[in-house]
Each structure stands twice: as C-alpha cells, then as structure tokens.
Amino acid sequence: MNEIISNATPLIAFSRINQLPLMRQIVKELVIPEAVSEEIAAYPSTSAGAIVLADEPWIQIRMLKSKSQLPLLLPVLDPGEAAVIALALERQAKLVLIDELTGRKVAKSLGLSVVGSVGLLIQAKRIGKIKAVEPFLSAMQQAGLYFSQRFIDDVLSQVNESPRQSL
C-alpha cells in the first residue's frame, strides 16, 4: 500500500494553527486507525485543535484486521500510537506520522518510515507550499506544542532559515 498512517498529535498540531488544509496539500490523503479517531472525537470540541472527522474526507478511518500486535506495543505506547504502528505494519504503509519520541523510536525499530509535524513543515517548504518553516514552528509553540530550542535551531539550520521569517 502507498498509505500514510497518522497518529492524532500531528493532526491536532496542524489544526491548532488552522493549517489542516496545508497538511492535506502535503499528504493528499491520510489513514487513521479507529483508536486515533476515538482520541480525536474525545478531544474537546471547543478546544483549539478540535477536528470534526466528518468534515475531512481526505482522512480515512481503518480498522485493524488483527489486534495481536497491540499487547506487545501497549506496555510502551498509548493506544493511538500502538494502533498506528500495528495498522502501518498490517497495511505495509509507506509512512507513519507520529510526534512522540517513544512512538517514533518503536516505529523505526520495526522498520517503518516516520515523520512528524515538523517534518511535514520541512516537506511543505521543499515542495514550495510555504516560504519558511519558522513562522509555523512559532505558531505551533504559541498554540501549546513544545519544542526545545536546540531542536528548533537544528530544524532552522536544516532548512537554511534564521528565526522570525515571514509566512
């Protein structure tokens, strides 16, 4: 399969800064497991980052055919991350979107290609959808997402930017 399977956090991160349309331009279509759709549905609808999946036809919900891998993943991961990894393995997905470090490490250890919210921003710049990554990183920080200054500096260096570029 040529699918991209996402955890809730990257979707919420882009939603919090009103950039789900940008995310859609980058990935075209996403697949999420049921556990992630439940996590998104449980997110308070009045909170910044709330997503109404019925309004996002580019996000498809898929069920796991086998839940045999979940007990192996759940001791280390939350249910959404575990379901993302299990579904990606089951469907031979080309990429998983996970922001949390432990989930990323587990996914990579199982041979999955992993990218997070910031990786999507880097890709957006590379394909000409945005001029600079920094304003989006700043917006995500202002919306409550945490990135260390070292991480921000590394990302900006990677995309040849300095702080405070314009959208």
Side-chain angles (χ1 to χ4, degrees), residues 1-17 19-20 22-43 49-51 53 56-127 129 133 136-137 140-141 143-159:
M1 306 246 162
N2 207 13
E3 295 175 328
I4 300 172
I5 301 182
S6 184
N7 194 24
T9 311
L11 284 162
I12 292 168
F14 274 79
S15 182
R16 278 189 180 178
I17 62 168
Q19 291 296 331
L20 275 181
L22 173 62
M23 187 180 200
R24 183 180 186 179
Q25 288 178 32
I26 303 162
V27 299
K28 309 294 185 233
E29 291 183 356
L30 276 182
V31 172
I32 60 172
E34 276 186 304
V36 170
S37 72
E38 291 166 5
E39 190 177 332
I40 289 170
Y43 198 78
I51 301 166
L53 289 171
E56 304 297 340
W58 60 284
I59 302 172
Q60 302 296 312
I61 302 166
R62 297 284 182 259
M63 292 178 62
L64 276 168
K65 288 183 179 149
S66 169
K67 296 186 180 185
S68 62
Q69 294 180 347
L70 291 180
L72 302 171
L73 297 168
L74 284 171
V76 197
L77 304 173
D78 73 32
E81 293 165 349
V84 165
I85 291 169
L87 189 64
L89 292 170
E90 186 175 278
R91 296 179 69 87
Q92 299 176 339
K94 75 171 187 176
L95 184 67
V96 294
L97 303 181
I98 297 177
D99 282 342
E100 297 78 11
L101 184 59
T102 303
R104 293 170 66 90
K105 286 181 177 180
V106 171
K108 285 179 182 178
S109 76
L110 294 170
L112 296 170
S113 296
V114 182
V115 84
S117 300
V118 176
L120 289 179
L121 291 175
I122 293 168
Q123 179 65 13
K125 181 176 179 180
R126 287 190 179 138
I127 63 174
K129 299 292 181 189
V133 169
F136 295 91
L137 276 176
M140 285 181 176
Q141 284 184 296
L145 282 83
Y146 173 77
F147 305 113
S148 72
Q149 190 58 51
R150 180 177 170 194
F151 176 76
I152 292 168
D153 293 345
D154 287 347
V155 168
L156 295 180
S157 173
Q158 183 180 349
V159 295

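FYI, side chains are in, hydrogens and waters are out, and symmetry mates aren't considered; it's all heavy atoms of this structure.
- Across all non-hydrogen atoms, the minimal contact from M23 to L11 is SD-CD2, 3.7 Å.
- Within a 6.0 Å sphere centred on NZ of K28, heavy atoms belonging to other residues, nucleotides or ligands number more than 12.
- Rounded to the nearest 0.5 angstrom, R62 CZ and L87 CG are separated by 9.0 Å.
- Residues L73 and A86 come closest through the heavy atom pair CD1-N, 4.1 Å.
- You'll find the side chain of I51 stays beyond 4.5 Å of the side chain of Y43, heavy atoms only.
- Each of L120, V84, I5, N7 was checked for a side chain to side chain contact (heavy atoms under 4.5 Å, CB included) with L97, and the lone residue meeting it is L120.
- Under the 4.5 Å side-chain criterion, counting only non-hydrogen atoms from C-beta, L121 is in contact with M140.
- Taking all atoms of both residues into account, the shortest heavy-atom contact from E90 to M63 is OE2-O, 4.0 Å.
- The two residues A83 and A35 have their closest heavy-atom pair at CB-CB, 3.8 Å.
- Between the OG atom in S148 and the CG atom in D154 there is a gap of 7.5 Å [rounded to 0.5 Å].
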**Request:** Step by step, work out the side-chain contact (heavy atoms from CB on, under 4.5 Å) result for E29 and I4.
**Result:** CA-CA 7 Å; E29 291 183 356; I4 300 172; over 6 Å; no

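- For the pair S6 and I32, the tightest heavy-atom approach, listed with the atom from each and the gap, is O-CG2, 3.4 Å.
- Interatomic distance, K108 NZ to R104 CZ, rounded to the nearest 0.5 Å: 5.0 Å.
- Contact check for I152 versus Q141: side-chain heavy atoms found under the 4.5 Å cut-off.
- Contact check for V155 versus F147: no side-chain heavy atoms found under the 4.5 Å cut-off.
- Between the S109 side chain and the V106 main chain, a donor and an acceptor come within less than 3.5 Å of each other.
- Q92 contributes atom CD, which lies 10.5 Å from atom CG of L112 (distance to the nearest 0.5 angstrom).
- Side-chain contact check for E100 and T9: at least one donor-acceptor pair (N or O, by modelled atom type) lies under 3.5 Å.
- Exactly one of L53, I61, I59 qualifies for a side chain to side chain contact (heavy atoms under 4.5 Å, CB included) with I40. That residue is L53.
- A side-chain donor from one of D153 and Q149 sits under 3.5 Å from a side-chain acceptor of the other.
- Note that NZ of K129 and CZ of R24 are 12.0 Å apart. Values are rounded to the nearest 0.5 Å.
- At least one side-chain heavy atom of I85 sits under 4.5 Å from a side-chain heavy atom of I98.
- Across I26 and A124, no two heavy atoms sit closer than the pair CD1-CB, 3.5 Å.
- The CD1 atom of I127 lies 12.5 Å from the CD1 atom of I122; values are rounded to the nearest 0.5 Å.
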